[in-house]
Amino acid sequence: MITAPAPGTVLCVGEPLIALTPPAATGLRDAETLSVAVGGAEVNVAVGLAHLGVPSRFAGRVGDDPFGRRVSAVLTAAGVDARFLEVDPDRPTGLYLKDPAGAVRYYRKDSAASVLARLPDAARDGVGHIHVTGITAALSPPCRDLVTELLSAPGATASFDLNYRPALWHPADAGPILLALAERADIVLAGLDEAALLWDVHEPADIRALLPGVTELIVKDGPRRASAFRGADRVDVPPLPTAVVEPIGAGDAFAAGYLAARRGGASLAAALRTGHLLAAIVIGGHTDHGRAPTARELDLARTGAGWPAAR
Ligand SMILES: Nc1ncnc2c1ncn2[C@@H]1O[C@H](COP(=O)(O)OP(=O)(O)OP(=O)(O)O)[C@@H](O)[C@H]1O
Ligand SMILES: O=C(O)C(=O)C[C@H](O)[C@H](O)CO
């Protein structure tokens with residue numbers, strides 16, 4: 001279904017994180033150097049949207065430290081409006097460590113963003129859509145209240161990416177809370193793997209049955225497919241075959257591509273392809289957000305001509 005282009009800025013709200021990565025050959029224990037990059041799920045989405053020319057704004061909190069200043073610089077360089085990145089004089093910018101074995105270690109307890117509780121009214125000026133994730137809901141009660149409020153903010157549609165992070169909370173606690181938050185959103189993005197952990201459901205249609213009132217539900221199933229549900233429609237699109245260098249951030253890139261395409265009036269299928277395209281760029285590298293796609297790549301996603309068939 002093709003819709004009219006949607007006006008307004010997309011506001012992404014959450015915790016920026018600095019990602020510290022050891023060389024693949026040594027792992028964390030023996031690393032003598034760590035590479036430093038900016039991540040954080042909602043930062044990744046804001047950057048991905050800006051790469052696609054969608055006006056995007058990020059609101060969140062960082063410390064009064066070099067890493068906080070780096071987050072601001074990266075957002076601004078990408079073309080994201082970072083005026084509402086608040087600086088905490090006492091609490092630090094959150095960090096996380098990537099282990100090549102796949103584990104993620106957070107250093108974010110009592111971070112600047114853990115006390116994110118409200119946004120200045122001006123942060124909502126000109127906003128047509130708000131994007132938040134289940135990560136923020138796990139950080140603290142005030143953070144969760146803010147996510148709840150943003151998902152029903154007047155005058156803007158809202159998207160919610162489940163982004164269940166097992167290192168932050170147990171599925172028995174997260175499951176009902178993330179379901180209740182998802183019910184408030186217009187667009188929900190879920191991974192089939194995380195839905196299985198949270199709700200013991202194993203098919204995209206089972207997730208749809210849990211969230212019948214959501215306008216658009218997108219279920220990602222890794223290398224197999226992503227499915228979009230809207231009303232009685234269901235569309236499935238396989239991803240681009242991609243050698244996985246590092247998957248962290250692929251879901252955020254997907255969200256940015258999907259949202260940007262839908263806001264531009266693209267069909268569900270073209271939006272799924274755009275999501276897959278941005279995810280493939282992130283998966284092929286080590287950073288949590290990728291480069292901007294080329295015009296040729298975007299054309300492939302837009303038209304679908306030559307897109308691989310389901311495997
Ligand atoms: N093995 C793969 N081959 C090709 N594409 C993949 C593969 N795994 C994931 N993708 C792409 O990445 C997208 C997101 O994958 P997935 O749902 O596993 O990420 P996620 O766990 O949500 O990521 P994040 O760490 O950002 O939360 C998929 O929809 C697909 O486009
Ligand atoms: O895991 C988190 O909380 C992060 O925000 C770090 C990564 O950037 C994020 O997981 C990618 O989705």
Side-chain angles (χ1 to χ4, degrees), residues 12-21 37-48 58 60 62 71 74 93-99 102-109 111 113-114 116 131-139 143 160-169 174 188-198 204 207 218-228 236-258 271-290 293 301 307-308 310-311:
C12 302
V13 181
E15 173 162 37
L17 287 179
I18 294 292
L20 302 173
T21 312
V38 169
E42 304 81 2
V43 165
N44 299 336
V45 174
V47 169
F58 179 82
V62 291
V71 169
V74 165
T93 304
L95 306 177
Y96 82 107
L97 295 170
K98 293 182 188 179
D99 195 310
V104 165
R105 287 156 209 276
Y106 292 124
Y107 291 81
R108 67 194 312 178
K109 190 171 179 299
S111 68
S114 68
L116 180 65
H131 180 75
V132 287
T133 84
I135 296 172
T136 312
L139 298 182
C143 285
F160 181 67
D161 190 331
L162 289 186
N163 270 355
Y164 172 60
R165 295 291 180 264
L168 295 179
W169 49 349
V188 172
L189 297 124
L192 196 54
D193 50 355
E194 58 192 352
L197 283 173
L198 293 167
I207 308 179
I218 295 81
V219 181
K220 297 162 289 168
D221 185 10
R224 275 172 293 281
R225 65 187 164 191
S227 315
D236 293 280
V237 173
L240 292 167
T242 312
V244 180
V245 174
E246 195 219 79
I248 296 177
D252 308 326
F254 183 97
Y258 185 86
L272 291 173
R273 288 192 295 266
T274 312
H276 284 314
L277 167 63
L278 266 66
I281 292 172
V282 166
I283 275 185
H286 282 286
T287 54
D288 292 8
H289 47 256
W307 193 268
R311 294 183 293 283

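Reckoned from all heavy atoms, side chains included, excluding hydrogens, waters and symmetry mates. Indexing begins at 1, ligand by ligand and atom by atom, following the structure's order.
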Parallel, tilted or perpendicular: ring planes of Y96 versus Y106, cut at 30 and 60 degrees
tilted
Give yes or no for whether the N/O distance cutoff of 3.5 Å, strictly under, is met between L17 and ligand 2.
no
Would you check if Y107 and L20 make a side-chain contact, meaning some heavy-atom pair closer than 4.5 Å?
no
Between G39 and ligand 2, is there a nitrogen or oxygen pair with a distance under 3.5 Å?
no
Closer than 4.0 angstrom: is that true for some heavy atom of E42 and an atom of ligand 2?
no
Atom 10 (O) of ligand 2: which protein heavy atom is closest, and how many Å away?
R165 NH2, 3.0 Å
Which residue from N44, T287, D252, L168 reaches closest to atom 12 (O) of ligand 2 through any of its heavy atoms?
D252
Are any of the N or O atoms of D288 closer than 3.5 Å to those of ligand 2?
yes
Just do the side chain to side chain contact (heavy atoms under 4.5 Å, CB included) check on Y258 and L272 with the steps written out, would you?
CA-CA 6 Å; Y258 185 86; L272 291 173; 3.9 Å; yes
For E194 and Y164, work out which heavy atoms get closest and say how close.
OE1-N, 2.9 Å
As a test of reading the model: which N/O atoms of the protein lie under 3.5 Å from N/O atoms of ligand 1, and at what distance?
| residue | atom | partner | partner atom | Å |
| --- | --- | --- | --- | --- |
| ligand 1 | 22 (O) | K220 | NZ | 3.0 |
| ligand 1 | 23 (O) | G251 | N | 3.0 |
| ligand 1 | 25 (O) | G249 | N | 3.4 |
| ligand 1 | 26 (O) | G249 | N | 3.3 |
| ligand 1 | 26 (O) | A250 | N | 3.4 |
| ligand 1 | 26 (O) | G251 | N | 2.8 |
| ligand 1 | 26 (O) | D252 | N | 3.3 |
| ligand 1 | 27 (O) | N163 | OD1 | 3.3 |
| ligand 1 | 27 (O) | R165 | NH2 | 3.0 |
| ligand 1 | 31 (O) | H276 | ND1 | 2.6 |

For G249, the ligand 2 atoms with a heavy-atom partner under 4.0 Å come out as 11 (C)
So CG of D252 and NE2 of H289: to nearest 0.5 Å the spacing works out to 10.5 Å
Going from CG on L95 to OG1 on T93, what distance comes out if it is rounded to the nearest 0.5 angstrom?
7.5 Å
Looking only at heavy atoms, which two atoms of A253 and V282 are closest? And how far apart?
CB-CG2, 3.6 Å
Out of Y106, Y96, F254, who gets a non-hydrogen atom closest to atom 2 (C) of ligand 2?
Y106
Name the closest protein heavy atom to atom 3 (O) of ligand 2, giving the residue it belongs to and the distance to 0.1 Å.
R108 NH1, 2.8 Å
Test item: L116 and V13 side chains (from C-beta on) under 4.5 Å apart, heavy atoms:
yes
Proximity flag A41 to ligand 2, non-hydrogen atoms under 4.0 Å:
yes
Contact atoms of ligand 2, heavy-atom distance to I135 under 4.0 Å:
2 (C), 3 (O), 5 (O)
Heavy-atom distances under 4.0 Å are what count here, so tell me which part of V43 touches ligand 2: side chain, backbone, both or neither.
neither
When you compare ligand 2 with E15, is there at least one nitrogen or oxygen pair between them that comes in under 3.5 angstrom?
no
Heavy-atom closest contact (D288 atom, G40 atom, distance)
OD2-N, 4.4 Å
Residue pair L168 / R108: nearest heavy atoms and the distance that separates them
CD1-NH1, 3.7 Å
Answer yes or no: is there a side-chain heavy-atom contact under 4.5 Å between C12 and V43?
no
Given side chains that start at C-beta, do those of T133 and E42 come closer than 4.5 Å, heavy atoms only?
yes
